[in-house]
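In listed order, ligands and their atoms are each counted from 1.
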Amino acid sequence: MSNTEIIDMLELTAKLMELHDVDAFKIRAFQSAAFNLDKTSEDLTKLSFPELIKLPGVGKSVAGKILQIIETGRLQDLDDLLAQTPEGVLEMFRIKGIGAKKIRVIWRDYGIDTLQDLRLACESGEVAKIKGFGEKTQQAILESLAFLENQSGKLRMDKADALAHMLLDVFEKEFSRVEITGQIRRKIEEVDTVQFIVSTADPIAAFEFLNSLSYLEQNEIESTPFTWRGQASGYEVLIEIITVSSDQFESQLFIHSAAEKHLQVTGASGWTLLQTSRTFPTETEEAVYERSGLPFIVPEMREGGFEFDWAQKHSVSDLVTWDALRGILHNHSTYSDGKHTLEQMANYCRELGFAYFGIADHSQTAVYAKGLEPYRIQQQHEEIDRLNAQFGGSFKILKGIESDILSDGALDYSDDILASFDYVVASVHQNLTMSSEKATARLINAIQNPYTTILGHPTGRLLLARAGYPIDYKAVIDACAENGVVIEINASPWRLDLDWRWIQYAVSQGVKLSINPDAHEMAGFHDMHYGVAVARKGGLTKNMTFNALTLPEMEAYLRKRQPRS
Ligand SMILES: [Zn+2]
Ligand SMILES: [Zn+2]
């Protein structure tokens with residue numbers, strides 16, 4: 001154990017004490033010890049109790065704590081504090097410009113306990129309104145959050161895609177042919193390698209060009225004469241640029257687009273896809289599948305899992321597309337924590353060519369998100385009736401709600417209020433730390449509620465930020481099948497929850513999936529592109545996509561399904 005480790009533990013204890021509003025005298029004892037010990041040249045692990053209390057800033061109580069750390073490697077006070085602190089709140093200490101006191105306000109007074117919720121609250125301007133915060137602090141939090149997101153060595157799909165396209169624009173001016181391949185082409189939700197294939201007759205010149213770009217930095221040890229590896233400034237993710245001659249381009253693009261297990265599949269020809277592609281390097285991907293005696297598989301499905309079984313029953317044209325979607329069901333407005341008004345959201349949805357817009361603002365338990373009290377629901381429904389009258393039938397706003405699933409699995413309105421909605425998205429937002437048994441029982445209870453139409457973001461995961469609560473997927477999906485509940489594929493690139501790996505099981509049980517953007521602003525609708533990408537990756541067909549129903553079909557479904565008052 002080094003001095004730094006000991007000091008870090010004392011500092012963290014002081015911060016958490018401040019967060020939990022422990023006696024100020026105790027906090028000062030830890031702070032002053034940490035501050036003074038930072039300057040000592042003595043090896044703390046070699047000091048006895050009498051020697052420790054001779055050091056400036058170290059009192060008897062803290063000296064005892066230091067000995068406990070040295071002897072056991074832990075500190076009971078710290079463990080206790082950590083047990084009372086949600087993961088997301090702990091992460092807030094990494095944000096520059098806010099300390100324990102502000103974090104305490106954000107968490108205790110506004111119920112925000114994840115970085116994702118904090119970002120949303122900043123984006124909707126709520127944080128600036130908090131006493132003692134203001135615009136400047138809000139902006140500083142947003143900047144710091146953006147910085148943290150780029151530092152993990154992995155990028156969420158949306159960020160990876162943006163970075164890849166920025167580089168693609170530059171490469172296209174230099175090389176006769178460039179394509180993005182690898183994990184991005186396969187629509188993987190967390191990307192650790194941003195990969196390109198570039199066509200060049202002169203790899204040395206290609207490397208010189210890449211190294212002339214100020215924002216790229218080559219890692220020479222990891223690179224080979226034909227593959228440039230390195231990083232882009234501001235990102236920790238690996239960038240890999242594979243240079244190939246033009247006659248190898250098709251083959252290399254294909255090989256790098258697929259997982260190893262996919263390439264090893266043997267077709268009727270007796271050859272694997274890898275063998276075929278290597279032997280006929282100029283052939284298109286379609287031709288390689290055909291020559292191997294295998295059905296064509298779209299890039300996003302090339303994982304070496306269920307895709308060839310899937311292709312026995314379906315063709316590529318069965319897969320869901322953006323154009324197959326007819327409406328958007330899970331959205332927020334300024335009634336709760338959204339940025340745009342109900343009318344703005346609905347109009348934009350209509351402009352995009354959709355036939356229905358489902359509003360699903362937060363319910364009353366979500367106080368920090370301005371969840372709707374009953375009188376606000378009534379106001380919203382009156383506004384919807386007025387707007388729908390103006391739309392005159394060609395477009396419709398559906399009355400929904402995102403109702404919190406309480407700890408026992410109940411929804412947080414009485415039945416008569418639930419009966420006033422066209423549909424209900426039931427989601428867990430609070431008390432996320434639970435065992436798989438508890439979480440599964442909680443979800444199933446909500447699924448069994450006759451008012452639940454759609455199960456929202458089933459695990460609560462936030463990619464690269466928070467693991468979801470563990471659930472028994474099969475039990476949850478089976479309960480949805482039994483109760484006629486649709487499962488959401490939350491299309492926010494933060495969530496992509498239901499995980500695409502469970503789509504086939506859901507479909508096999510007859511459960512439909514709804515691709516929902518969970519939009520908190522108009523631009524949020526476009527997140528459905530990520531939802532469509534992972535839905536296709538999981539083999540979701542148009543006819544099992546809930547929001548591919550036309551408006552009359554959706555209305556008929558909801559009329560039959562929803563209990564009415
Ligand atoms: Zn939600
Ligand atoms: Zn939502």
Electrostatic pair K15:E11 at N-O distance under 4.0 angstrom | no
Could you tell me how the ring of H332 sits relative to the ring of H520: parallel (under 30°), tilted (30 to 60°) or perpendicular (over 60°)?
-> parallel
Any ion pair linking D408 and R442 (charged N to carboxylate O, less than 4.0 Å)?
-> no
With sequence neighbours excluded, what pairs up with D385 under the salt bridge (charged side-chain N to carboxylate O under 4.0 Å, His left out) test?
-> K399
Heteroatom count (protein N, O or S) under 2.8 Å of the Zn ion (ligand 2) | 4
Enumerate the residue pairs fulfilling ring-ring contact (aromatic ring centres under 6.0 Å, His included) with a member in residues 102-143, sequence neighbours excluded, ordered by first and then second residue.
-> H20-W107
For the Zn ion (ligand 1), the closest N/O/S atom belonging to H429 | NE2
Mind checking salt bridge (charged side-chain N to carboxylate O under 4.0 Å, His left out) for R536 and listing every partner two or more places apart, or none if nothing turns up?
-> E300
